[in-house]
Every structure is written in C-alpha cells, then in structure tokens.
Amino acid sequence: MSRFIPNAPPDDRPQQIQDELEYGKLTNKKYLYVSKHAAGEPLPEPIEDEPPYYIYIATYVNYLILIIIGHIRDAFGKVFKPQDYQDLIEQNGYAPWYDGFENFYVRRLKLRIDDCFARPIHGAPGRYIKLFERRALGKGEYEFTGQSMECLNLSSYNYLGFAQSSGVCTDSALDVIDKYGTSACSPRSYVGTTDLHLETEQVIADFVGKEAAIIVSQGYGTNASLFSSLADSKCLVISDELNHASIRFGVRLSGAVVKVFKHNDMDALEFLLRQQISQGQPKTHRPWKKIIIAVEGLYSMEGNMCNLPKLIELKEKYKCYLFVDEAHSIGALGPNGRGICDYFQVSPSKIDLLMGTFTKSFGATGGYIAGSKPIIEKLRLTYITNNYSESVPPPVLAQIISSLRIIEGKLNPGEGKERLERIAFNSRYLRLGLKRLGFIVYGADDSPVIPVLLFFPAKMPVVSRVLYSMKIAVVIVGYPATPLTTSRVRLCVSSALTKEDLDYVLEKFSYVGDLAFLKYSSGIAGGSKVPGQPPRWSIKDVLEVNVEDCKKPQLP
Amino acid sequence: MAEHLLTTTVTETTTTTPTTTIPPTLELISSAIGDSFVHYLNKLDQIPGGQIILRYIRSSYKNDPVRSLFELALFIFAVHYFLSSKRKENKADIVKFSKLEIDELIKDWEPEPLVEEVNNLEKWQLSAIPKIKGWNKSHMTLYNEASGNNISSNVVNLASYDFLDLNENDNVHKAAKAEISTAGVGACGPPNFYGTQDVHVRLEEDLARFLQTEQSILYGQDFVTAGSVIPAYLKRGDLCIVDSGVNLAIQKALIVSRCNIEWYEHNDVDHLESILEELKPTLDKEPVRRRFIVTEGLFLNTGDICNLPKIVELKNKFKYRLFLDETLSIGVLGANGRGVVEHYNLSRLEISITIGTFAGSFASSGGFCAGVKPMVQHQRINSNAYTFSASLPPYSAIASSQSIKEIMNERTAAGNSKLIAQLHERTSHLYSKLTSIKTTFFKVTSNSNSPIIHISLSHQYRKALGLPAFYGNTHFLNTGKQARSLNEFSKAYNIESFLLQKIIDGVLFESNILITRSKSILDHENLPVISPQLLIMVNSGASLKELDLLAQTLEIIVNKVCKSVSNEARLLSLEDELLKYTKY
C-alpha cells in the first residue's frame, strides 16, 4: 500500500493477446454497418423520453437532502474540526483561494463520489483500460495496492480504436521520434514549421474536403483562440446553448456579442436571425459587421447531431457564416468517416469553417481548422496560437497522418473501412439494446455517444461502482456539466469493442438497471415490444434479435 | 361552515363599498364577480392543503383588508416574474418591424467577409516563416515550400525555444518511445475521466520536486494555461496589479477574468509600490478580496527579468499574492534551471502561482501550474482548460520527466546542473560579444542573463526612418485602458519587420545561422507594442565558435542593410521589394 502511484505491473502475456485487449478482432462479418443519412430527407427529431413526474420530484429532494446534510456537516465541522476549513477563511490578511460557496458543490457533493472520477490508468486506453486499484482514505486521498484491473472501456474517446500501442500508427510515431525528435520546440511562425506539419495540414484538409487547414496542439486551444481572429465587438456570434466550453470561452475572449438559441431548435435560430439582422447592434442599431453561427456536429453530452441541412439553408438565406465543431463527429460519423458533412451527404464547401480534434477518433491530440485557402492564409497571420503557442509535436503528427491514411484506405486497405463499419454497428447495437431494456437514452441513432439517463445524483456512484466491480469502466456526468435533474452515464462506443463485449455490457447494464431502478422509459422514443407499452425486454430477448434489428434504417 | 363565513364577509364588502358612486349595473357585475370569486375560493376547500390557505386568507382579511390586497398583488407579481422570460431585452430598445420590413432589411444587409484577405503588403510574412525539412534541432535543414528545394543544410538554429538542445537527447527519445510502445500516442480522455495516466501523476510529482513546491498540475498547451488559471482565482471584484509589459496570454486571461486591473510601468517597482500605497487606504476599509500582483519572470516582449526580490518584499508587505509566468525562464534561469526564483535565490513558497511550459527547454509539450495544495486542487474542477480538454499525451509527460532528470543529472564542480551552466556560458559569451559591437544602428536591449537576446534598432536610427516609438494601442499610455477592438494594420510595423527580415536573411546567407525576430500579432495586442526586435535564442547545441561567427556577421549585415536604408524615403521604397519576397 502506498500513497504514491505505483509502477505499472509487468505484463508478460504474449504480444498477440495484448493486442487483442487493445483492439478486439471482428468476430463475424455480420457485425458491420454503414452510417449515413439519406440525402434530402429531413433529420428525424430526436425524441427525448421523460420519466414519470415523481422521478423529477425525487431528484430535487435528493439534491435537497445532499445540500442540507452538506450544510449541517459544514456547521458542525467549522466548530469541531476547524483545521479542515482553513482554506475557506481569511488568513493572516489574505483572502481564501476560493470562497466557501464556490467550493460547496465540490466539498460536499463531488467529494462523496470522488472515487468515480480521475481513476488513474496505465497503458493504452483501447478495448480494455487498465485502472490502478486504489482505496479511498477520504478527503480525496487514496492509497494504491500496486495492482491494476482491466475493465471494458466505454469511457475513452477512442471511436475508431486507434488507441493502440502497436501497429502501423505506433510504428510511424516511433519512427518519427528518430527523425524529428519529441518536440516542435517553437511556435509555428518562428521555427515550428516542418515539412511534416505542412504535410499533415494538407492531409487533413483533403480528408475533410476543404482547400486548406491549420493545425493546433490542443483541441480546447483551437477554439479558445480562434474567435478573436474572426469577430470583434461589432460582430454577433449565435451559439447553440449546449456548445462546448472551449467555444464559449473563445467567443467571450473575442468580445463579440453572443446570443444563444435553444439546443438544436432551428425555428428559434431563424427567429433570432431575423430579429438580430433587423435590429442590428444594440443601442446604435447599426447593422452587424457579420454574424457567425457556431454549432457542434455531434454534441458530446447529448449524442445529438446538428441539423446540418437546415443550418446550411438558414445560413445561405440570411448571409451568415457557419462554424461547425466536429470534435466528436470527425472520424466517427459518415460512410467514409469524414464527419457530419459526409453523414448528411452535404458538400463541405457549404460550411465556412470546419473545426475538429485529433484526440477522439485518431488516437492523437490537438485540433484543426479547415476552410478556404484565403481564410486559412489570413489565419496563419492572425491566429493567436500560430505566433504565441507551441506547435504540434512530431509523434502526434505521425499518428494523425497514419491514422488518416488508414481511414482513407491508403494504408492497410480494408482496415479503415472495417473500423468505420464497426463503430457504426456497435453504436446502433448498444443503443437499441439499452432502449429495449428500458433505459432512457438520448441522442441520434448513429451517434457513438450514448448517454443513459439516471436523474438521481445518488445513482451516479452506484452505477459507476457496481459496473467497475463488474469490470466495466464508464463515465458519469452530473451537474454542473449537465442540467441539474439529468445526471447520466455517458458511454462512448469504440470500434475496438466486439459484439460479445457489448453483449456483456448489456447484460450487466440490465442487472444494474434492475438493481438501481433505472428502467424508466415510456416507449415514446422507441424500443417497445408491444407498441404503446414501455419497453422492458428481458436480456435474453434483446440479444436474440438485436443484430438484425439494429441494422434497420431507423432503430425500431 | 367555512362557506357560510366567507359569503357573509364578501357580501359585506360589496354592500359597504360606497354604493352611491357606483351605478346599479356595475354593482351587479361586481357582486357577480365577488360571488364567483367566493365560489372558486370555496373550491380550495376540497384540495388537500387548501383549508390552510383558506384559513389564512380569512384571518388576514379580518384584521386588515389592505394587507390581503397587498399580498395578492405580491403573489401576482411573483407569478409574473417567474413566468416572464429570464433574458429580457430592453423593450424600449427594440424597433417594431412588420414581416415585410424585416425581409427588406435582410435583403439589404451586406455582411463583411468572415476574415479579410491577406493584403499584398503582408503576404511576405507568410513566406518569411522558415520551413524545416526533418528534425528541428540545433543544426537543421531549411527548404522552400513552393519549389521543395533545400535552401541550406546544417543551418545553426538560434531561433527555437529548445535552449538546452534536449530535443536531440537520446535518453528523452528512449523514454518517449518506450511509453508510446506501451500506451500509444494520445491520452484519449480528459484528466477527470480516465485520462490521467501513471506518467502524468509522476510528472506532477517530479515537477513539484524540481520546483520545490507542494503540487503541480498539467495542461495540454502552454498558451491556454494562463487563460485558465487566472480566471479560476480572479473574479469580478477581485484586484490585480499587473506589469504593463506582460505577454498576450496574460492580457487575454485578465480580460476574461473581469477583475479590476491596475497597471504599473514595465518593471518599475517604485511605480508598483506607489500604486500599492495609494490603494491601501481604500482596500483597508473593504472586506478582504483576492489580490494579486501579476508579472512574468523573463519577459517575452522585452527580454527583461522582473525585479523579483523587491516584488516579493512588496507583496508580503501589502499582503498580495504573486502570479509569476515562468514560461520562458523555466529550465533556463537559475543555476539548476528552476527559473527566476532560483536566479534570485528566493524560495518558491513566496510565489503563490507559478505557470510555465514544457514546450521550451524541456523539449516536450504542454503547460503547467505549480503552487500550494489547495490552489492546485481547486483547478482540478474549476479550471476550464483542465476539465474540458484531453490530457497531455503520455509520451509527452514522460519526455518532460526525463528532461528534468537530464537537467539534474550531470553536475558541475559546484554541484549545479552542467546543462544549465553550458547554456549560461554561451549566453554571457554571446551577450558580451554583441554588446561590445560599436554601432549607431542597433542596441542589445535584453537582460544579460536572458538566453533570448533582444536587439532593437537604435532610437536615433528609428527616428531618422520616421518610425513611431510604439505600435498598436498607444492610447493605453494616456488612459490606462486596454483596447476594446482589434488594432488596424500598421504599414510602419510591417515595413520595420521587413527591414529586420532582410538582416535575418543576410545573416543566414553569410554565416548559415538562423536567427529570428519578434512576431507580435498587432491586431490582438491590447497593450502598446514596442518596436519589432531581432531575437537570438541561444542554444546549447551551438558551439562558441558559431556564436562568434554570428556576432561578426550580424555587425557586418546590420551595417550593410541599415546604411542602404538610411532615410524614410528609402524605407518606403522597401515596399516594392517586399511585394516580391519569396524566401522560404
């Protein structure tokens, strides 16, 4: 037992078995699917199932109890254990680092389930993820046994299964260290531009179907610095209410005026556009210099896609610019993995700026902005990260280039296609199974992000811990990352998982669902056995027909 | 019984109201309304809990009818308040249009392009970015992007932040390769969701030990570190006193944090002290808020080193916390590379928040923040760039750990790091060579210990060329306010930069040594920008002989270029040349 993180336990299993644990072999040719939206058809409105009213009331009561107990503990703690509250009071003339109110949520709610977050791991987070065993000592302290446990990985952003420690990508990354070193050592515009950087930019631009692209060493930083180069206080940014924090931060930094529309509500967007163009800037009523609509391709907490065809229609009608953040959709959606445009069969030229990250599907890190050549050339001069921030390190570039080549079929022909069809199949298979078992699941049919709703904050640790004991690693998300009442488990599907893995997951989820009373769904979002009745299939029934049913154009 | 009581009271009201002024028809209506009101009120009786409300209304009315009315009004207001939309526009500010008028306005609206196109005058800047073929190390190959041909090989690289030449270190490579062979390249998740690997935790420990502080936290990129750390502690109403020469990352971070900002003259501790003195009486009257002094260790813009001992003395006297950006000084200053704190032989505990980068002397990637435990732990939930972005790639973490080991590994006779000593030797060697050059054209402006040597055109020469003292948001000097919109394109800044580029190209041609110049994006800088400068980044991989060669060539080239551009007209005529520039 040690308070320090132990070394990874040695693993002397043969390489073949280790590879299999990072990326499972396809067990049957039937377990493949091509994800695509029929061109011209309207996007089916995602139906969000609502649980019975008493669930909402009980959820509020749940929070109320947690908050009341938290305050009682604070009140007693401050009297009997003042040393624990040192950080919250003024000391020696210095204000505390953070005030007690700001910290209440962390101190009294999050700390109770601290063991479900930031579990340290080692090795590649592929099909299985290796979690260090640890014992909570309270107050966020742990001790480690020195052992680690392999869990099925439904938590990492590893959509296409490129988180591997062997194979073409790894070889190429190792090779690049010998030829380029480990670091880029400089911002791009000083001496941080190598031939490898320029090559990567061309490869990603070709992949997404744009003329040019610019790459950045971090996905968050890509958005956080971008908007300053696009907009100022005389411009308007219209942003979906569920946009990622990096977009919100970037827009705030730019000083542009921001208006938010209800998530994916195109009528609300059109109303806002008409109102804003006619009213102009506040007070002066001068026309806006430009209006930028910022949306995400695939929303990471909801699993919804943006309504791209409608957005393009609105953008063209109202002469706005469209920015689409493809952080989660690039690689994971579309018959060729080229993201949301590929999925909707829309020409990428209709979108002004496509942004995406290399973290999620390509097993690398960093982000890119792709656009027309004049736009990207100008950004090379005015984009903050280009002059002030580190450039992308060479091994990451090697990973990006090789994984993109595999997806395109230029390297290891056939492998990329299989990865794409596996994620499409796996996403639908798991989603339909969960729906039929009776869980409330958000998002589009083809989305590899599957949020399973728990509602009660107290059920988050239950699900996380029970599944952990069954060797399944999942991510739980609650307030403030989601609205107060909709705490959830977020599953990220990967090509690395086999159909048998998913069967295991469904079986265990069914058990947890019964144990923690999670099967709330009413059936309006599909999955019912008998139309009109809430779906409560037995696990046996689900597995019997799931392979065929999940390949139907619309999930039954 | 309840019904009976209420009916009597209500009929009483209708009859006791001054009937003389109300016509009989109105009276009828009002009594009808009263009756139906009573009827619905009585229905309350049947709802669970309704009796309580009924009893309350009855008792309160008996005592004071005005109070009942007042309560009703309050109730209606509350309902109205909750039902009305939260984000309400100022109604008076909205002009009413018909649908047709809106369509007309939309038709008329002509938006500006998403970004302006690169204008011809700044196009040269794109081709002035050197493109490296292969390894970015102390001796490298440059090539031309358009033709693909090599321009020159074995170029001495004095333009990179890899001061210690660790990007060529075999041990760092070995460690990184071993990690990629076990964990792949990316971390595939944010730190709080299975993105924390053993190597990340270990690097945090290694770094905290190296910096001699309690804890540290890693960031995925250097630029976002300041922008995420500062807003986690400085909120509206908090106060910070900031050096007016800080880099762009801090400027942006301060804008986002919305705290109150006071600026002191760059590196002028007397001015800092006078501000602190001035603020003290007002601050003493208020409850204690978070207060920071914000400065850089080694300044990106000027190459100055902050007067840390005095700042520490002041911050202790006036009870401020100190935020120190060691992005450029870490792994560079101090006998063991522990930054400006070690340079002045102070204790790291004096610094409340230290931020820095691994992408410089550590030859890896990412940023960090270090300090006391409660400060660091607060960031794990409350810092944007930490919670909302993927972790650093694991191999980067181990490369940084290894770099720290390399720095501490070989020791000099005095027990200090040999790597750092080598760098210091080269820095002071080149610095003394450059300062001994007698010229009227340029001046070495950076601190003698700074491995980034700043050379700017001399005051008198710039005056002869008619160049302004400052660029960008010059009104800051008068108002003390940061710029609100982007700065305009500056022709003078552009052409002065081009003049420096001519020197850089000349030096490269003559001696095969690449130096660089400051490349501030004028649009974004909120503070006044000083004249563009030549930058020489000393590298341990370059020999003393090569540095000597640089000093010699630089003198010759600067004299040659500056003599040919001796007045404003000649400077402006450079514009023809820059239109044709295609170097890299």
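Lettering of chains follows the sequences in order, A, B, ..., and the numbering in each one begins at 1.
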Between the main-chain N or O of A183(B) and the side-chain N or O of S165(A), is there a donor-acceptor pair closer than 3.5 Å?
no

Do R252(A) and R258(B) come within less than 4.5 Å of each other through their side chains, counting heavy atoms only?
yes

Heavy-atom contact with chain B under 4.5 Å, split by part of V396(A)
both

As an exercise: rank A399(B), A385(B), A390(B), S391(B) by heavy-atom pairs under 4.5 Å with chain A and give me the winner.
A385(B)

Quick one: which of G134(B), A249(B), A359(B) has the most heavy-atom pairs under 4.5 Å with chain A, could you say?
G134(B)

Based on non-hydrogen pairs under 4.5 Å, which of L126(B), N169(B), L105(B) is most in contact with chain A?
L126(B)

Hey, does I375(A) have a side-chain heavy atom less than 4.5 Å from the side chain of L114(B)?
yes

Who are the ring-ring contact (aromatic ring centres under 6.0 Å, His included) partners of H197(A), not counting sequence neighbours?
none

Given a strict heavy-atom distance threshold of 4.5 Å, which part of F362(A) is in contact with chain B: side chain, backbone, both, or neither?
neither

Would you mind checking which part of I291(A) comes under 4.5 Å of any heavy atom in chain B, side chain (CB onward), backbone (N, CA, C, O), both or neither?
both

Cut-off 4.5 Å, heavy atoms of chain B, and the answer for P480(A) is neither

Portion of D11(A) that has a non-hydrogen atom of chain B nearer than 4.5 angstrom:
neither

pair N247(B)-Y388(A): side-chain heavy atoms closer than 4.5 Å:
no

Please check if any side-chain donor atom of S389(B) sits under 3.5 Å from a side-chain acceptor atom of Q218(A), or the reverse.
yes

With a 3.5 Å distance limit and no angle check, can you tell me whether H524(B) reaches the backbone of T382(A) through a side-chain donor-acceptor pair?
yes

Just give me the residue among Y143(B), W109(B), F163(B), F193(B) that pairs up with chain A most often, heavy atom to heavy atom, under 4.5 Å.
W109(B)

Look at the aromatic rings of F292(B) and W97(A) and report parallel, tilted or perpendicular, splitting at 30° and 60°.
tilted

Measure the CZ-OG distance between F223(B) and S225(A) for me, rounded to the nearest 0.5 Å.
5.5 Å

Given a strict heavy-atom distance threshold of 4.5 Å, which part of L535(B) is in contact with chain A: side chain, backbone, both, or neither?
side chain

Select one option (side chain, backbone, both, neither) describing which atoms of R188(A) are under 4.5 Å from chain B's heavy atoms.
backbone

Taking I106(B)'s backbone N and O only, do any of them form a donor-acceptor pair with K319(A)'s side chain (distance below 3.5 Å, no angle check)?
yes

Option in G186(B), A232(B), G148(B) with maximal non-hydrogen atom pairs under 4.5 Å from chain A
G186(B)

Between N167(B) (side chain only) and T182(A) (backbone N and O only), is there a donor and an acceptor less than 3.5 Å apart?
yes

Starting at NZ of K137(B), measure out to SG of C185(A) and round the result to the nearest 0.5 Å.
12.0 Å

Using only atom types and a distance under 3.5 Å, with no angle test, would you say the side chain of R289(B) pairs donor to acceptor with the backbone of A95(A)?
no

Please determine whether the number of non-hydrogen atoms from other residues, nucleotides or ligands lying under 6.0 Å from atom CD of E117(B) exceeds 12.
no

Quick check for you: to the nearest 0.5 Å, what is the distance between R380(B) atom CZ and K110(A) atom NZ?
9.5 Å

Bottom line for L198(A): the part with an atom under 4.5 Å from chain B's heavy atoms is side chain

Counting only non-hydrogen atoms closer than 4.5 Å, does A398(A) touch chain B with its backbone (N, CA, C, O), its side chain (CB onward), both, or neither?
neither

Salt-bridge contact E122(B)-K378(A) (side-chain N to carboxylate O under 4.0 Å)
yes

Interchain contact, F97(B) with chain A, by part (heavy-atom threshold 4.5 Å)
side chain

Give, as side chain, backbone, both or neither, the part of Y321(A) having an atom under 4.5 angstrom from any heavy atom of chain B.
side chain

Is any side-chain heavy atom of I132(B) less than 4.5 Å from a side-chain heavy atom of T193(A)?
no

For each of C235(A), A224(A), C492(A), P6(A), tally heavy-atom pairs with chain B at distances under 4.5 Å, and name the one with the top tally.
P6(A)

Looking at Y105(A), F162(A), W288(A), which has the largest count of heavy-atom pairs under 4.5 Å with chain B?
W288(A)

Okay, E22(A) and chain B: the region with an atom under 4.5 Å from a heavy atom over there is side chain

If I measure from the heavy atoms of chain B, does D171(A) come under 4.5 Å with its side chain, its backbone, both, or neither?
neither

Checking the side chain of K289(A) only, and the main-chain atoms of P111(B) only, is there a donor and an acceptor separated by less than 3.5 Å?
no

How long is the straight-line distance from CD1 of I180(B) back to SG of C169(A), given to the nearest 0.5 Å?
11.5 Å

At a 4.5 Å cut-off on heavy atoms, which part of V474(A) comes close to chain B: side chain, backbone, both, or neither?
backbone

Among S229(A), A327(A), G255(A), which residue has the highest count of heavy-atom pairs closer than 4.5 Å to chain B?
S229(A)

Please, which pairs that meet side chain to side chain donor-acceptor pair (under 3.5 Å) have at least one residue in residues 189-200 of chain B, sequence neighbours excluded?
R119(A)-Y194(B)

Contact class of L230(A) relative to chain B, heavy atoms under 4.5 angstrom
both

Heavy-atom proximity to chain A below 4.5 Å, by part of V224(B):
side chain

Checking heavy atoms, do the side chain of K317(A), its backbone, both or neither come under 4.5 Å from chain B?
backbone

Do L174(A) and S181(B) make a side-chain contact, defined as non-hydrogen atoms from C-beta onward lying under 4.5 Å apart?
yes

Output the option from A176(B), A128(B), G189(B), S365(B) having the highest count of non-hydrogen pairs under 4.5 Å with chain A.
S365(B)

Tell me whether E390(A) contacts the main-chain N or O of G366(B) through its side chain, where contact means a donor paired with an acceptor under 3.5 Å.
yes

Please tell me if the side chains of D195(A) and K131(B) come closer than 4.5 Å, counting only heavy atoms from C-beta onward.
no

Tell me if a side-chain donor or acceptor on N136(B) pairs with a main-chain N or O of V191(A) at a distance below 3.5 Å.
yes

With a 4.5 angstrom heavy-atom cut-off, is it the side chain or the backbone of S352(B) that approaches chain A, or both, or neither?
both

Could you state the interatomic distance from OG1 (T387(B)) to OH (Y220(A)), rounded to the nearest 0.5 Å?
7.5 Å

Nearest 0.5 Å please: distance from the NZ atom of K123(B) over to the CG atom of L381(A).
10.5 Å

Polar contact flag, side-chain donor to acceptor under 3.5 angstrom, S389(A)-D222(B)
yes

Between chain B and each of P374(A), G93(A), S186(A), G371(A), count heavy-atom pairs under 4.5 Å; write down the option with the most.
G93(A)

Can you check whether V95(B) reaches Q279(A) side chain to side chain, under 4.5 Å on heavy atoms?
yes

Which residue out of V106(A), I177(A), T359(A), T365(A) racks up the most heavy-atom pairs below 4.5 Å with chain B?
I177(A)

Side chains of P190(B) and Y157(A): does their closest heavy-atom pair fall under 4.5 Å?
yes

So, are D87(A) and K373(B) salt-bridged, with charged N and O less than 4.0 Å apart?
no

